[in-house]
> 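Submitted below is the structure of interest, expressed as structure tokens.
If you read the sequence from its start, that first residue is 1, and numbering goes on from there.
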Amino acid sequence: MAFFKKYSYIIIKLFLNQFAISLFGIGLAFACGYANNNKLLLITSIFSVVFYLFLQYAIMWEVGAKDGITATSRHTSRGLWRGLVLGVCANAINIVAALLIFSKVFTGAENQVSAVGQFIAMVLQGMYQGILSQRVGSGAQINDFWWVYFLIMIPAILVSALAYIIGNYGWHFTNILIPKNKDVKNNGRPK
């Protein structure tokens, strides 16, 4: 319970970022759909997903960095599992939506439960709309397959886990995320 008390704000922040980028992705999908440009739809969707994952990375890197400093100063365990758990918790509604969509496997056809799941997924995973609307070899769209809704959560969960670990140890993929500190030589940034 202490875990959720400490990290509930982060979980909500991760979820709200997802919702905001989803609306951004839906807007781009509508614009590209209106222009009847499928290539642009795919490109903007990939851009939206990368932007979403970068935002998740930035939040989780910061959380990991703070927890790493705390663990070092108190000589406690780093708890590297926290990033994975935070990623799963932030995707809890997506998991529920994927399970609702999975219900059509038992009935063999679309039903009201899976339709609700698809609506939730459409609203919360709008950044993937351009990718999911692409057609595969059989002519079906990617979003026709129930298992896709489980797969599209994996990048966000893995980025959350990896960013937490990287932040916990103070490693960097980019100097963008290192805050400037005028009191430290080189602004606290490694060369």
> Less than 4.5 Å apart, side chain to side chain, heavy atoms only: is that true for I101 and F150?
no
> Drop me the distance from L40's CG to F47's CZ, to the nearest 0.5 angstrom.
12.0 Å
> Got a sec, which pairs hit salt bridge (Lys or Arg N to Asp or Glu O under 4.0 Å) with one end in residues 14-37, sequence neighbours left out?
none
> Can you name the closest pair of heavy atoms from S103 and S114 and give their distance?
OG-N, 3.7 Å
> Can you tell me how far the CD1 atom of I131 sits from the CD atom of Q141, to the nearest 0.5 Å?
13.5 Å
> Take a 6.0 Å sphere around NZ of K66 and say whether it holds more than 12 heavy atoms from other residues, nucleotides or ligands.
no
> What heavy-atom pair brings Y57 and A163 nearest, and what distance separates the two atoms?
CD1-CB, 3.3 Å
> Could you check whether any side-chain heavy atom of M60 comes within less than 4.5 Å of a side-chain heavy atom of I10, counting everything from C-beta outward?
yes
> Grab the two heavy atoms, one from F145 and one from A140, that are nearest each other, plus how far apart they are.
CZ-CB, 4.3 Å
> Rounded to the nearest 0.5 Å, what separation is found between the CD atom of Q56 and the CZ atom of F51?
11.0 Å
> Is it the case that over 12 heavy atoms from other parts of the model lie below 6.0 angstrom from the CZ atom of F119?
no
> Taking all atoms of both residues into account, what is the closest heavy-atom pair of A97 and A121, and its distance?
CB-N, 4.1 Å
> Does S160 use its side chain to pair, donor to acceptor, with the backbone of L84 at less than 3.5 Å?
no
> Determine, using the 4.5 Å side-chain heavy-atom cutoff (strictly less than), whether W61 and I157 are members of one ILVMFWY cluster.
yes
> Please check if Y128 and I142 belong to a single hydrophobic cluster, counting links between Ile, Leu, Val, Met, Phe, Trp and Tyr side chain heavy atoms closer than 4.5 Å.
yes
> Going by heavy atoms in the side chains, are K104 and Q118 under 4.5 Å from each other?
yes
> I need the minimum non-hydrogen distance between G130 and L42, along with the two atoms involved.
O-CD1, 4.2 Å
> Any chance you could measure D67, atom CG, to T72, atom OG1, to the nearest 0.5 Å?
10.5 Å
> Among the clusters formed by ILVMFWY side chains lying less than 4.5 Å apart, do Y34 and L132 turn up in the same one?
no
> Side-chain contact test, heavy atoms from C-beta onward, threshold under 4.5 Å: evaluate it for Y52 versus P155 and give yes or no.
no
> Can you name the ring pair (Phe, Tyr, Trp, His ring centres under 6.0 Å) partners of F3, sequence neighbours left out?
Y7, W81
> What distance separates I21 CD1 from L124 CG, expressed to the nearest 0.5 Å?
13.0 Å
> With heavy-atom distances below 4.5 Å as the criterion, would you say the side chains of N37 and L41 are in contact?
no
> With F102, which residues qualify under ring pair (Phe, Tyr, Trp, His ring centres under 6.0 Å), at least two apart?
F106, W146
> Is there a path of hydrophobic side-chain contacts, each under 4.5 Å between heavy atoms of I, L, V, M, F, W or Y residues, that connects V113 with M122?
yes
> For a 4.5 angstrom cut-off between non-hydrogen side-chain atoms, does V63 reach K13?
no
> Do you know which two heavy atoms are closest between Q129 and A29, and how far apart they sit?
CB-CB, 4.2 Å
> Give a yes or no on whether the backbone of L14 and the side-chain of Q18 come within a donor-acceptor separation of less than 3.5 Å.
no
> Flag yes if I152 and L158 sit in one hydrophobic cluster, no otherwise; membership is Ile, Leu, Val, Met, Phe, Trp, Tyr, and two members link when side-chain heavy atoms are under 4.5 Å apart.
yes
> Could you check whether any side-chain heavy atom of L100 comes within less than 4.5 Å of a side-chain heavy atom of I120, counting everything from C-beta outward?
yes
> Would a distance-only check, ignoring hydrogens and angles, find a side-chain to backbone donor-acceptor pair under 3.5 Å from S22 to V123?
yes
> Does the side chain of I95 reach to within under 4.5 Å of the side chain of M153, using non-hydrogen atoms?
yes
> Between CD1 of I12 and CG of N17, what distance do you get to the nearest 0.5 Å?
12.5 Å
> Is a donor on one side and an acceptor on the other found under 3.5 Å between the side chain of Y149 and the backbone of N143?
yes
